[in-house]
Amino acid sequence: MNTEQPKKELSAIKGTKDILPQEARLWQIAEAAAKEIFELYGYRELRAPVIEPTELFEKGTGASSDIVTKEMYTFTDKGGRSVTLRPEYTPSVVRAIIEHRLDLQPQPLRFYYIGPMFRYDKPQKGRYRQFHQIDIEVFGEKDPAVDAEIVEMAHRLLRQLGVENVTTMVNSVGCKKCRPAYGAELRKAAAAVKDRLCPDCQRKAELNPLRIFDCKIETCREVASNFPKITDFLCAECQEHFQEFLGYLDFYGIPYRVDPTLVRGLDYYTKTAFEIVAEHLGAQNAICGGGRYDDMVREFGGPDLCGIGFAMGLERLLSVAKIEPPKKSFVYFAYLGEEAKKQSIATARYLRSEGIECLVEFKDRGMKAHFSRANKIGADWVLIIGEDELAKGKFQLKDMIDSKQYEGTAEELAKIILLKDKKGIKSREE
RNA sequence: GUGAGUGUAGCUCAAGGGUUAGAGCACCGGACUGUGGAUCCGGUGGUUGGGGGUUCGAAUCCCCUCACUCACCCCA
């Protein structure tokens with residue numbers, strides 16, 4: 001490459017990155033696994049736009065949330081409308097349900113989606129400005145059995161991708177009836193001991209007293225341990241829902257930890273909230289977070305339709321997943337001369353139609369250079385076409401793994417390749 | 001938004017004020033014109049992130065800036 005480089009180097013913008021082929025292979029596998037598993041539970045893909053009216057998130061995600069107040073990619077388009085690159089997915093699905101009257105279809109509705117989200121955050125380990133989520137939502141199912149089912153589904157996906165050592169944290173954040181009373185009690189308790197809290201927590205005492213539970217300072221933890229717990233304030237309905245949810249988790253045999261201080265960052269959650277955290281992920285260790293949001297559709301002016309869902313962070317998931325990409329063999333063409341080059345092109349065309357990956361490089365090389373090249377790029381097979389082969393109408397096929405060499409027509413050699421590939425797959429499955 | 005750490009070749013790293021900034025790996029070529037991996041030889045590749053300052057002299061010391069990394073806040 002001898003084109004002149006521009007003086008100013010262009011690079012991906014902060015918090016975004018290229019996913020190069022080797023890594024993209026892992027993404028493909030994780031995405032395929034997610035789709036396959038979700039479809040097994042009756043979920044169907046629903047693709048919503050990446051860009052939405054800004055009001056959608058102000059209303060859905062919550063005008064007071066951190067996401068909306070300081071993390072959105074918002075700009076004005078040429079028509080003067082305020083638009084936003086979605087920071088999360090749920091409001092888009094809710095919008096789509098109302099817009100297309102999907103609530104008139106047989107319920108419950110089950111959707112999934114995999115795609116990029118955008119938050120203007122300061123990047124760090126496990127946190128990016130463009131990141132990717134696997135998202136699922138269920139609408140119109142009140143039964144706590146479904147709360148447990150989505151947790152079990154998440155676990156199945158994690159297991160499939162070789163993720164080990166995860167902890168499932170669960171909680172109930174109550175509903176409109178019982179949560180306000182708890183909030184008031186908590187605020188009262190925090191205000192009473194305000195002088196014993198760190199400056200940061202003193203600020204939280206009024207804004208969001210639940211966050212005091214997360215403080216790392218010893219005295220704050222000690223003080224907070226005497227604060228009232230949400231689980232003691234749940235109304236009868238929420239209490240029953242929570243207990244049944246836990247009962248179904250037990251039924252599935254999924255270990256969990258009840259964490260009364262678990263709050264999700266988004267305002268709209270009701271009743272069930274859960275999080276799955278992994279080891280070795282740094283500070284941002286939640287790979288999956290979700291919960292129930294029974295009021296959201298109605299608050300958008302839609303029908304009274306309850307909802308529940310979770311989001312899994314793909315970057316975080318992949319950093320703890322153990323995925324071994326299956327090895328697919330391919331054929332490198334070693335040809336000598338113009339006539340053999342044409343024959344290679346034609347033969348590759350045939351082999352590809354049989355599902356065999358072929359690489360014909362358009363560079364004059366000697367036989368040694370061909371082999372050296374084939375070896376370097378990891379070819380499993382080398383198909384040799386020179387004068388002798390052209391005359392005979394039969395080619396040489398060398399197996400680069402065990403150095404055996406075969407002679408035959410394109411059809412005969414295709415069979416040899418396909419047979420060995422099949423065996424290879426079989427032995428991997430055992 | 002706040003704080004800390006790190007920036008030297010595509011990658012991993014040397015050089016800690018003193019010739020023209022080096023090495024390994026990788027890449028390209030040769031030894032080797034019909035058979036790969038090894039070995040040997042050669043080559044490409046750098047405004048030392050950028051700008052300014054101190055100095056006879058700066059990759060090295062100082063300031064600013066940018067980028068990356070990690071942490072806080074918050075979240076996937």
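Letters A, B, ... mirror the listed sequences (proteins, then strands); counts begin at 1. If you're wondering where the values come from, they're calculated on a predicted model, not measured in any experiment.
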Discussion item. If the cut-off is 4.0 Å, is A/Q124 near the phosphate of B/C72, judged by side-chain N/O to OP1 or OP2?
Written reply: yes
Item to complete: Between A/F131 and A/K376, just flag the one whose closest nucleotide in RNA chain B comes earlier from the 5' side.
Response: A/K376
Worksheet item: What is the nucleic acid contact for A/E275, judged by heavy atoms within less than 4.0 Å: base, sugar-phosphate only, or nothing?
Response: nothing
Worksheet item: Would one find a side-chain N or O of A/K363 under 4.0 angstrom from OP1 or OP2 of B/G29?
Response: yes
Worksheet item: With respect to the side chain of A/Q133, which nucleotide from B/A71, B/U35, B/A76 is positioned closest?
Response: B/A76
Item to complete: Report which part of the nucleic acid A/K398 touches: base, sugar-phosphate, or nothing (heavy-atom distance under 4.0 Å, all strands).
Response: base
Practice prompt. Look at all strands and tell whether A/E71 reaches a base, only sugar-phosphate, or nothing, counting heavy atoms closer than 4.0 Å.
Written response: sugar-phosphate
Discussion item. Is it true that A/S92 and A/E52 share a donor-acceptor pair across their side chains at a distance under 3.5 Å?
Written reply: yes
Fill in: Geometric cation-pi criterion, A/K271 with A/F242: 6.0 Å, 45°
no
Discussion item. At 4.0 Å (heavy atoms only), tell me whether A/I134 reaches a base, stays on the sugar-phosphate, or touches nothing.
Written reply: nothing
Practice prompt. Establish whether the base of B/G36 is bridged to the side chain of A/S403 by a donor-acceptor pair shorter than 3.5 Å.
Written response: yes
Item to complete: Looking at every strand, decide which applies to A/G282 at a 4.0 Å heavy-atom threshold: base, sugar-phosphate, or nothing.
Response: sugar-phosphate
Item to complete: Would you please indicate yes or no on a ring centroid separation below 6.0 angstrom for A/Y89 and A/Y113?
Response: yes
Worksheet item: Do we get A/R129 above A/Y120's six-membered ring, with its NZ or CZ under 6.0 Å from the centre and within 45° of the axis?
Response: yes
Worksheet item: Hey, which of these two, A/E88 or A/I13, hits RNA chain B nearer its 5' end, going by closest nucleotide?
Response: A/I13
Discussion item. Looking at A/Q405 and B/U35, is any side-chain donor or acceptor paired with a base atom of the opposite kind under 3.5 Å?
Written reply: yes
Worksheet item: Is any NZ, NE, NH1 or NH2 atom of the basic residue among A/K59 and A/E55 found under 4.0 Å from an Asp or Glu carboxylate oxygen of the other?
Response: no
Discussion item. Between A/R373 and B/C28, is there a contact of a side-chain N or O with OP1 or OP2 at under 4.0 Å?
Written reply: yes
Worksheet item: Is the distance from OP1 or OP2 of B/C68 to the nearest side-chain N or O of A/K14 less than 4.0 Å?
Response: yes
Worksheet item: With respect to the phosphate group of B/C72, does any side-chain polar atom (N or O) of A/K122 fall under 4.0 Å of OP1 or OP2?
Response: no
Worksheet item: Heavy atoms under 4.0 Å, any strand shown: does A/I287 hit a base, just sugar-phosphate, or nothing?
Response: sugar-phosphate
Worksheet item: For A/E407 and B/U35, what is the distance between atoms CD and C1' respectively, to the nearest whole Å?
Response: 15 Å
Item to complete: Determine whether any donor atom in the side chain of A/R119 lies under 3.5 Å from an acceptor atom in the base of B/C74, or the reverse, and answer yes or no.
Response: no
